[in-house]
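Heads up, the thing below is written out as structure tokens.
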Number of protein chains: 2
Amino acid sequence: MKVQKQNKHLSINLVFVTGNANKLREVQYILSQGQRPIQIDSHDLDSKLAFIFHFPEIQGTTQEVARAKCQRAAELLGGPCITEDTALCFKALNGLPGPYIKYFMKSIGHDGLNSMLDGFPTKEAWALCTFAYSSGPDAEPILFEGRTEGMIVPARGPATFGWDPVFQAEDTGKTYAEMTNEEKNFISHRYRALDKLRNYLESL
Amino acid sequence: MKVQKQNKHLSINLVFVTGNANKLREVQYILSQGQRPIQIDSHDLDSKLAFIFHFPEIQGTTQEVARAKCQRAAELLGGPCITEDTALCFKALNGLPGPYIKYFMKSIGHDGLNSMLDGFPTKEAWALCTFAYSSGPDAEPILFEGRTEGMIVPARGPATFGWDPVFQAEDTGKTYAEMTNEEKNFISHRYRALDKLRNYLESL
């Protein structure tokens, strides 16, 4: 996907490294909002990108995971890129499963994520999105974090997007899965991170 | 640490990549048993090894994690080496936390590991040790797995070695922490993996 800046002579060719069509749509939507829309053109994956998708993530904090992935992607692509990482952090587990949530979601599903918290007094959680931007292989990636508070609840809403049905965002009474795209984008961890990234890219 | 084979003309110089003194002692003990003892000399860490310790593990299955670490170590050391990985797998979580157990142990401790299972009908678990041996940078690592069945219980015994106090090994009525070294080595996941490795090394 190329990001092209409009209304300015400078344009940035930027690859968004993702294999997730849902994330791509969400990111396209959010970057198209704002005073100076940034357009993402979809783009066939070449072999370098396929390699990135199969290259394993590292273990570590969400920041370490994000930085390593973006750095590796920039080296492989030989140019600027953005990457995205999502974590779901349980207060009772001091932030875990965090970057490992995908394994837990796959292994035990929505019911299991709830059961993991049965023995703890708090069901509080936060969704954390980390966008990383690298201007190229020799640059240190810059991180943009977005965080949304909430709690883990029994699944409600369509089960089309990972753990969305079990995360009820604070002050909404709704799970992510019960929200329209507009509602979700307005408060989501991904929106908040992407908004910071958009502001940064617009300032370049 | 160098492993030197005795009673044979062939000798293998082999580095055991670990920063954990407890594991080193356990491995030294187990390799010193058997018909043809393998001696491990302790060995100051050089900068390459320090780098390995700080190089992050990858995310993935226990086999993927072990293979990647051993491969990386062999490339950095430029010679043969063994690495070790430990996982604690909860049946209720379909094998998780698995290779991520160290983060859960650090974040929520013995009580938390028990609480995570409160909402599930089974407390069954297995301890899994994976030794990987690489004959050098161009070789594919060979894996040796040892598995011990058991269950997660409230902590009993000295809290000196990770999750040992909460893992009760099947048919023993004791947690790992309540066992003598001899008792533990006889049935431990690490012993079983190391026994396979020792047999392999002796056959070279």
Side-chain angles (χ1 to χ4, degrees), chain A residues 51-72 83 85-126 152-154 163 166, chain B residues 51-72 83 85-126 152-154 163 166:
Chain A
F51 178 61
I52 292 169
F53 296 139
H54 289 98
F55 206 97
E57 310 262 10
I58 67 163
Q59 295 180 26
T61 65
T62 55
Q63 296 194 345
E64 289 165 345
V65 171
R67 200 172 278 121
K69 180 158 85 178
C70 191
Q71 177 67 37
R72 199 167 59 232
T83 57
D85 284 282
T86 296
L88 184 61
C89 307
F90 295 176
K91 185 177 181 184
L93 304 184
N94 290 318
L96 291 171
Y100 312 114
I101 185 63
K102 56 183 173 292
Y103 302 105
F104 285 79
M105 177 61 204
K106 190 176 172 189
S107 276
I108 57 174
H110 297 140
D111 289 346
L113 292 179
N114 274 272
S115 297
M116 271 177 71
L117 289 174
D118 277 357
F120 295 97
T122 176
K123 317 299 175 199
E124 286 176 70
W126 63 94
I152 302 301
V153 297
W163 42 261
V166 298
Chain B
F51 178 62
I52 292 170
F53 295 138
H54 290 98
F55 206 95
E57 309 262 10
I58 68 163
Q59 296 180 26
T61 64
T62 55
Q63 297 195 344
E64 288 165 346
V65 171
R67 199 172 279 123
K69 181 158 83 176
C70 190
Q71 177 67 38
R72 199 168 58 232
T83 57
D85 284 282
T86 295
L88 184 61
C89 307
F90 296 176
K91 185 178 181 183
L93 304 184
N94 290 319
L96 292 171
Y100 312 114
I101 185 62
K102 55 184 174 292
Y103 301 106
F104 285 79
M105 178 59 206
K106 190 176 171 188
S107 275
I108 57 173
H110 297 140
D111 289 348
L113 293 180
N114 274 272
S115 297
M116 271 177 71
L117 289 175
D118 277 358
F120 294 97
T122 175
K123 318 300 176 197
E124 287 175 68
W126 63 95
I152 302 302
V153 297
W163 42 261
V166 298

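Chain identifiers are assigned alphabetically (A, B, ...) following the order of the sequence lines, protein sequences preceding nucleic acid strands; residue numbering begins at 1 within each chain.
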Query raised in the report: Backbone N or O of A:Ile58 within a donor-acceptor pair of the B:Gln59 side chain at under 3.5 Å?
Result: yes
**Report entry** A:Tyr103/B:Tyr103 aromatic ring centres below 6.0 Å
**Finding:** no
Report task. Over all heavy atoms of both residues, which pair between B:Leu93 and A:Phe104 is shortest? Give the atoms and the distance, please. Result -> CD1-CE2, 4.2 Å
Query raised in the report: If you take all heavy atoms of A:Phe120 and B:Ser115, which pair is closest and at what distance?
Result: CZ-CB, 3.4 Å
Report task. Check the surroundings of atom NZ in B:Lys91: do more than 12 heavy atoms from other residues, nucleotides or ligands lie under 6.0 Å from it? Result -> no
Requested in this report: Mark yes when over 12 heavy atoms from residues, nucleotides or ligands other than B:Asp111 sit less than 6.0 Å from its CG; otherwise mark no.
Outcome: no
Report task. Side chain from CB out, backbone as N, CA, C, O: work out which of these in B:Ala92 comes under 4.5 Å of a heavy atom of chain A, or both, or neither. Result -> backbone
Query raised in the report: Can you tell me how far the CD1 atom of B:Ile108 sits from the CG atom of A:Asn94, to the nearest 0.5 Å?
Result: 8.0 Å
Query raised in the report: Rounded to the nearest 0.5 Å, what separation is found between the CG atom of A:Leu117 and the CE atom of B:Met116?
Result: 9.0 Å
Query - Top contributor to chain A contacts, counting heavy-atom pairs under 4.5 Å, from B:Ser107, B:Pro97, B:Gly112 - result: B:Ser107
